[in-house]
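Here the structure is laid out as structure tokens; the discussion comes afterwards.
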Amino acid sequence: MRKILLEVNDLKVYYPVKTKGGGLFPKKQHVKAVDGISFAVSEGETFGIVGESGCGKSTAGKAIVKLLEPTEGCIRFEGRDIFKMPKKEERDYKKKIQMVFQDPYSSLDPRFTVERIIGEPLVVNGMTDRKERRNIILRLMEDVGIRPEFLNRYPHEFSGGQRQRIGVARALALHPRLLVCDEPVSALDVSIQAQILNLMKDLQQKYNLAYIFISHNLSVVKHLCDRVAVMYLGNIVELAGKGRLFGNPRHPYTNALLGAIPVPDPEIRSLKEPLEGDVPSPLNPPTGCCFHTRCKFAEKECLETKPLLREIEPGHVVACHMIK
């Protein structure tokens with residue numbers, strides 16, 4: 001059995017906003033970007049988080065890498081609360097968890113060469129031996145498929161796929177244990193997406209990495225992930241192994257997402273009904289089940305009481321009153 005590497009418990013991330021009303025003083029409300037999610041990631045596992053734009057999946061990823069502070073909740077890495085670590089332990093934590101960003105055009109500094117981009121984490125962490133640093137950079141370039149003669153080139157001289165390879169090499173520079181990948185292939189052509197995904201699978205084996213893979217593309221998630229959490233309006237509504245989630249989805253929202261996957265044959269039409277309506281505002285989420293405004297199975301209980309995640313079979317949890 002794999003050892004648990006990361007635990008997220010009841011994570012909430014609220015953004016305060018000021019709205020009109022209330023006389024002289026603006027009324028203060030909160031956008032509930034992440035509203036109490038819990039999951040765990042094991043060593044060597046690829047854990048997927050999927051959902052529509054605005055569901056909170058990227059916000060959760062940023063909280064895990066400490067790019068923002070949570071409103072409530074706890075995140076434990078190797079058993080330690082990451083928001084209660086002393087400075088020295090926090091520095092070690094940031095070496096062990098790195099992020100691969102969505103846009104390979106804006107996540108690389110256009111003024112830096114490839115050598116400086118990949119070597120920057122090493123410099124920041126005190127590696128002063130230039131020869132040793134260059135050897136590590138050249139090895140990383142080889143691992144991600146960038147030729148060594150490109151060492152002194154700048155980001156604008158590369159294609160999107162090559163830039164993302166450079167971003168992956170930078171993330172690997174400090175030998176992390178976990179990579180948070182926020183839509184790492186969504187900005188790339190389909191053929192290039194396949195190359196980057198296969199590269200990530202190879203690197204996972206070589207470096208014994210765990211991934212949190214954030215995406216709205218269910219086909220990509222099915223190809224790469226071991227377990228998948230489905231998010232809606234800041235909540236996890238279903239979590240299961242890849243085979244169960246795609247083979248026997250139980251939550252109505254998961255069913256709707258799977259029904260929206262394009263079929264590469266114009267003669268075949270999806271048998272599943274498309275999802276109707278718009279996502280409610282996270283500034284004023286609905287009472288009860290967050291999905292009831294778009295669910296054709298909703299009943300009175302769904303409008304009044306928020307469903308808790310329940311295990312309906314080993315390893316498969318769903319938040320839905322209608323599933324008995």
Side-chain angles (χ1 to χ4, degrees), residues 1-15 33-34 36-47 49 57-101 107-109 111-112 114-141 143-144 166-182 184 200 203-204 206-214:
M1 187 176 179
R2 291 174 175 174
K3 182 180 177 182
I4 292 177
L5 186 64
L6 180 86
E7 294 176 275
V8 177
N9 296 308
D10 197 29
L11 177 67
K12 297 181 181 180
V13 182
Y14 296 170
Y15 296 110
V34 177
I37 64 171
S38 300
F39 61 87
V41 181
S42 300
E43 293 178 335
E45 179 184 21
T46 302
F47 184 84
I49 304 178
K57 54 189 187 294
S58 293
T59 301
K62 290 175 182 177
I64 290 169
V65 297
K66 296 196 73 171
L67 288 179
L68 52 84
E69 293 281 333
T71 306
E72 290 182 26
C74 173
I75 301 174
R76 294 183 178 275
F77 184 80
E78 296 179 330
R80 302 296 303 273
D81 188 332
I82 69 171
F83 296 103
K84 295 180 180 178
M85 290 178 171
K87 288 293 182 182
K88 184 178 180 181
E89 287 187 23
E90 182 179 348
R91 191 179 184 92
D92 290 337
Y93 168 74
K94 290 181 177 180
K95 291 180 184 179
K96 294 178 181 179
I97 183 165
Q98 295 289 311
M99 193 162 191
V100 178
F101 297 93
S107 61
L108 304 181
D109 193 319
R111 303 165 298 171
F112 287 5
V114 172
E115 180 176 16
R116 187 169 177 186
I117 289 170
I118 300 175
E120 191 76 1
L122 301 172
V123 173
V124 169
N125 283 277
M127 183 176 286
T128 56
D129 189 321
R130 186 172 181 180
K131 183 177 180 181
E132 181 185 0
R133 190 166 67 239
R134 175 167 282 195
N135 287 337
I136 292 173
I137 293 167
L138 288 171
R139 176 173 51 77
L140 289 167
M141 289 174 66
D143 287 345
V144 300
I166 295 167
V168 171
R170 176 181 60 187
L172 293 175
L174 297 175
H175 296 282
R177 302 194 65 193
L178 174 67
L179 288 189
V180 177
C181 306
D182 186 11
M200 292 181 73
L203 292 173
Q204 184 174 36
K206 183 168 185 174
Y207 285 87
N208 190 28
L209 293 166
Y211 290 143
I212 293 177
F213 195 87
I214 299 166

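When reading the values below, keep in mind they use all heavy atoms of this one structure, side chains included, and skip hydrogens, waters and symmetry mates. Along the sequence shown, the residues carry numbers beginning at 1.
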Rounded to the nearest 0.5 Å, what separates atom [atom1] in [X] from atom [atom2] in [Y]?
X      : Y      : atom1 : atom2 : result
Ile64  : Ile214 : CD1   : CD1   : 7.0 Å
Phe39  : Leu11  : CZ    : CG    : 7.5 Å
Leu172 : Gln98  : CG    : CD    : 9.0 Å
Arg111 : Arg116 : CZ    : CZ    : 7.5 Å
Leu68  : Tyr15  : CG    : OH    : 4.5 Å
Ile37  : Lys12  : CD1   : NZ    : 12.0 Å

Just wondering, do [Y] and [X] contact through their side chains at under 4.5 Å, heavy atoms?
X      : Y      : answer
Lys62  : Met99  : yes
Ile212 : Leu6   : yes
Pro176 : Tyr207 : no

Original post:
Would you say the side-chain atoms of Gln204 pair up with the backbone N or O of Leu209, donor to acceptor, closer than 3.5 Å?
Top reply: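 Checked: pair present.
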Original post:
Can you tell me if Tyr211 uses its side chain to pair, donor with acceptor, with the backbone of Met200 under 3.5 Å?
Top reply: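 Present.
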For residues [X] and [Y], report the shortest heavy-atom separation together with the two atoms involved.
X      : Y      : result
Ala60  : Val34  : N-CG2, 3.9 Å
Ala63  : Ile82  : O-CD1, 4.1 Å
Gly44  : Asn208 : CA-OD1, 4.4 Å
Val180 : Gly61  : CG1-CA, 4.0 Å
Ile4   : Ala40  : CG2-CB, 4.1 Å

Original post:
Hey, mind stepping through Ser42 and Leu5 against side chain to side chain contact (heavy atoms under 4.5 Å, CB included) and telling me if it holds?
Top reply: CA-CA 5 Å; Ser42 300; Leu5 186 64; 6.0 Å; no
**OP:** Decide side chain to side chain contact (heavy atoms under 4.5 Å, CB included) for Asn135 and Arg139; before the verdict, give the C-alpha distance in whole Å, the side-chain angles of both, and the deciding distance to 0.1 Å.
**Re:** CA-CA 6 Å; Asn135 287 337; Arg139 176 173 51 77; over 6 Å; no
Listed pairs under 3.5 Å, donor-acceptor, residues 71-80 side chains, sequence neighbours left out:
from, atom 1, to, atom 2, distance (Å)
Thr71, OG1, Tyr14, N, 2.8
Arg76, NH1, Gly79, O, 3.3
Glu78, OE1, Lys96, NZ, 3.1
Glu78, OE2, Arg177, NH1, 2.3
Arg80, NH1, Glu89, OE1, 2.9
Arg80, NH1, Glu89, OE2, 3.2
Arg80, NH2, Glu89, OE1, 3.0
Arg80, NH2, Glu89, OE2, 3.4

Could you give the side-chain donor-acceptor pairs of residues 117-131 under 3.5 Å, partners two or more places apart or in another chain?
from, atom 1, to, atom 2, distance (Å)
Asn125, ND2, Pro121, O, 2.8
Asp129, OD1, Lys131, N, 3.0
Asp129, OD1, Glu132, N, 3.1

